[in-house]
Amino acid sequence: MGKSVLIFDDDEDILNILVYLLEEKGWKVNTRTSCVNIINDIEESKPDIILMDNWIPETGGKVATQTIKKHPEHKAIPVVYFSANNDIETLAAEAGADTYLAKPFDLDHLEELLANVTR
């Protein structure tokens, strides 16, 4: 089994594209359209990496990422912050994410990023 990724994004089109593309590359993909039960979602899917959208309901990606990074068992899971926001670098830093990816993104760049972060 390949590595697993948990993607938080409320845009179903983006989720569908990511699921299709990443599964083709051997990833196990779990998706959520909100971060209401974020710790529960992580415990259910046990991801190697998390992709976090900035505008995810309910709390937003920043609070969701901070929640993960404060959790004793899950804080080591790399979080890639992704957004179309111009200020993504600052947002990712404020959230405590490990790295970030601007939308729209290039699939090759995404793959490279995932490979580097999960080494």
Side-chain angles (χ1 to χ4, degrees):
M1 193 70 201
K3 291 195 180 283
S4 72
V5 60
L6 176 56
I7 306 171
F8 289 93
D9 198 321
D10 60 344
D11 184 329
E12 297 274 0
D13 293 337
I14 289 178
L15 290 177
N16 291 337
I17 292 164
L18 286 171
V19 167
Y20 175 76
L21 295 169
L22 291 171
E23 283 182 348
E24 286 282 295
K25 301 289 180 184
W27 283 81
K28 182 174 186 279
V29 185
N30 286 288
T31 62
R32 298 289 187 278
T33 53
S34 84
C35 58
V36 181
N37 300 309
I38 189 158
I39 298 304
N40 197 36
D41 292 339
I42 291 169
E43 285 168 358
E44 271 179 18
S45 60
K46 300 181 174 36
D48 295 301
I49 189 166
I50 294 168
L51 285 179
M52 179 65 70
D53 178 46
N54 185 52
W55 303 113
I56 187 88
E58 300 280 317
T59 60
K62 199 150 107 176
V63 172
T65 302
Q66 288 167 346
T67 303
I68 297 164
K69 293 302 181 182
K70 285 181 193 144
H71 194 282
E73 286 169 51
H74 306 311
K75 63 183 180 193
I77 301 169
V79 176
V80 178
Y81 209 76
F82 74 134
S83 173
N85 195 301
N86 295 336
D87 217 13
I88 178 141
E89 195 170 352
T90 308
L91 290 169
E94 287 171 359
D98 296 83
T99 187
Y100 62 90
L101 181 66
K103 288 180 186 175
F105 49 82
D106 175 89
L107 183 64
D108 293 336
H109 184 203
L110 172 64
E111 273 189 76
E112 195 179 298
L113 189 71
L114 292 176
N116 289 338
V117 176
T118 55
R119 277 213 176 112

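Just so it is clear, the structure is predicted and the values come from calculations on it, not from any experiment. Side chains are part of it too, since the values below use all heavy atoms of this structure and drop only hydrogens, waters and symmetry mates.
Under a hydrophobic clustering in which Ile, Leu, Val, Met, Phe, Trp and Tyr are joined whenever their side-chain heavy atoms come within less than 4.5 Å, directly or via other members, Phe8 and Ile88 fall into the same cluster. The hydrophobic cluster containing Leu22 also contains Ile17, counting ILVMFWY residues as joined when their side-chain heavy atoms lie under 4.5 angstrom apart, directly or transitively. Criterion: ILVMFWY side-chain heavy atoms under 4.5 Å apart, direct or through other members. Under it, Leu114 and Leu107 are part of a common hydrophobic cluster. Linking Ile, Leu, Val, Met, Phe, Trp and Tyr residues whenever their side-chain heavy atoms come within less than 4.5 Å places Val29 and Leu110 in a single cluster.
Distance CD1/Ile14 to CG/Leu51: 11.0 Å, rounded to 0.5 Å. One finds the CD1 atom of Ile56 at 5.5 Å from the CG atom of Asp10 (value rounded to the nearest 0.5 Å). Once rounded to the nearest 0.5 Å, the distance linking CG of Asp11 with CG of Asn16 reads 9.0 Å. A distance of 4.0 Å separates NZ in Lys25 from CD in Glu111, rounded to the nearest 0.5 Å. For the atom pair Asp9 CG and Thr31 OG1, the distance stands at 9.5 Å (nearest 0.5 Å). In this structure, CZ on Phe82 lies 5.5 Å from CZ on Phe105, to the nearest 0.5 angstrom.
With contacts defined as side-chain heavy-atom distances shorter than 4.5 Å, the pair Leu21/Trp27 does not qualify. Leu6 is listed as a side-chain neighbour of Arg32, based on a closest heavy-atom distance under 4.5 Å. At a threshold of 4.5 Å between non-hydrogen side-chain atoms, the residues Lys28 and Val5 do not count as touching. Between Asp48 and Ile77 there is no side-chain heavy-atom pair separated by less than 4.5 Å. Between Val117 and Glu112, every side-chain heavy-atom pair lies at or beyond the 4.5 Å cut-off. Looking at heavy atoms from C-beta onward, Ile49 lies out of side-chain contact with Lys3 at the 4.5 angstrom threshold. Here the side chains of Ile68 and Ile50 are in contact, with some heavy-atom distance below 4.5 Å.
Listed by first and then second residue, the side-chain hydrogen bond (donor to acceptor under 3.5 Å, both in side chains) pairs that reach into residues 52-66 are Asp53-Lys103, Asn54-Tyr81, Lys62-Glu94, sequence neighbours excluded.
Between Asn30 and Ser45, the shortest heavy-atom distance links the atoms ND2-CB, 3.3 Å. Ala64 approaches Cys35 most closely through the heavy-atom pair CB-SG, 3.8 Å.
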Check the pair Val80, Met52 against side-chain contact (heavy atoms from CB on, under 4.5 Å), reporting the backbone distance first and the verdict last. CA-CA 6 Å; Val80 178; Met52 179 65 70; over 6 Å; no
Applying side-chain contact (heavy atoms from CB on, under 4.5 Å) to His74 and Glu43, what does each step give before you reach the verdict? CA-CA 9 Å; His74 306 311; Glu43 285 168 358; 3.2 Å; yes
Are Thr99 and Leu113 close enough, and set up right, to give a side-chain contact (heavy atoms from CB on, under 4.5 Å), and what steps lead you there? CA-CA 9 Å; Thr99 187; Leu113 189 71; 3.9 Å; yes
Show your reasoning for whether side-chain contact (heavy atoms from CB on, under 4.5 Å) applies to Ile39 and His71. CA-CA 8 Å; Ile39 298 304; His71 194 282; 3.6 Å; yes
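Panel note: side chain Asp106, backbone His109; a donor-acceptor pair is recorded below 3.5 Å.
Residue-environment remark: CG (Asn40) exceeds the threshold of 12 foreign heavy atoms within 6.0 Å.
Taking a cutoff of 4.0 Å between a charged side-chain nitrogen and a carboxylate oxygen, Lys46 and Asp41 do not qualify as a salt bridge.
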